[in-house]
Structure formats: C-alpha cells, structure tokens
Amino acid sequence: MEKEIKNIVFTFLDFMNDKEVLEKMILTRDSKKKIFKLLSELEENTISEEEKKKIFINIEKSILDTIELTQHLYFILGEKANQIDEFYSLDYDPFDRIKAGN
C-alpha cells in the first residue's frame, strides 16, 4: 500500500504542473496578498474615514474573491485526484518488472 500512496502523491504533484492549476494557484495567492496589503493600509492613522470605508469594501470584495478562487481550485484538485484514481495504475513498480526479467 505504501508504494501505491507514494505513486499517487508523485502523480498528483506531476498534475500540479498543469497550466490551469498553476494559474489558479497564482490568482489565489495574489488575492490573499491583496487582502494583507489592504489591511496594512487600514493600520495607517493618516487615512480619512472615507478612505477607510473604501478599503473595507475592497477587503470584503477581495475576501469573497479569495474564497471563490480557493473553492474552484479545490474542485480542480479533486478532479485531478479523481483522474489519477480512475486512469492510472499506481501500484506499478519498474523494479518488480526488471527483477522478473532476470
């Protein structure tokens, strides 16, 4: 069983290099960075109440975007994991094949 789990992990990591997955991960990361940037702007004492309201609105939008992106990424990763489970024989070990040939 350990070999199969290892193969699942490595195949999954291979799938992570898919362009769509990488783009979604980058968008999610950038969205989180935007939230922290906005929060740091709020900490400044030099901004007016009107500016604070705008920042709060932008934070709310960024949080909702991040949640949506994270959910979408979660389902993409689940789909990739399902493809691995369905279409790949992950208990394959080339060492067993080579040993059997000798």
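Starting from 1, each residue takes its place in the sequence as its number.
- A distance of 11.0 Å separates CD1 in Ile55 from CD in Glu50, rounded to the nearest 0.5 Å.
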Set out, in order, the CA-CA distance, both residues' side-chain angles and the distance that settles side-chain contact (heavy atoms from CB on, under 4.5 Å) for Leu38 and Glu41, then state yes or no. CA-CA 5 Å; Leu38 290 166; Glu41 287 177 20; 4.1 Å; yes
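- Gln71 places no side-chain N or O within donor-acceptor distance of the main-chain N or O of Glu68, the cut-off being under 3.5 Å.
- Between Asp65 and Lys61 there is a salt bridge, with a side-chain nitrogen of the basic residue lying less than 4.0 Å from a carboxylate oxygen of the acidic one.
- In this structure, CZ in Phe56 is found 8.5 Å from CG in Leu39, a value given to the nearest 0.5 Å.
- The neighbour count for Lys32 NZ, taken as heavy atoms of other residues, nucleotides or ligands under 6.0 Å away, does not exceed 12.
- Taking hydrophobic clusters as Ile, Leu, Val, Met, Phe, Trp and Tyr residues chained together by side-chain heavy-atom distances below 4.5 Å, Ile67 does not share a cluster with Met25.
- Distance CG/Asp30 to CG/Leu69: 9.5 Å, rounded to 0.5 Å.
- Ile59 and Ile57 end up in different hydrophobic clusters when Ile, Leu, Val, Met, Phe, Trp and Tyr side chains are linked at under 4.5 Å.
- To the nearest 0.5 Å, atom NZ of residue Lys33 and atom CZ of residue Phe36 are 11.5 Å apart.
- Between the side chain of Ser31 and the main chain of Leu27, no donor-acceptor pair closer than 3.5 Å is present.
- Counting all heavy atoms, side chain and backbone alike, Ile47 lies closest to Leu42 at CD1-CA, 4.1 Å.
- Here Ile26 contributes atom CD1 and Leu73 contributes atom CG; the two are 11.0 Å apart, rounded to the nearest 0.5 Å.
- Contact check on Lys54 versus Glu51 returns no salt bridge, with no Lys/Arg side-chain nitrogen under 4.0 Å from an Asp/Glu carboxylate oxygen.
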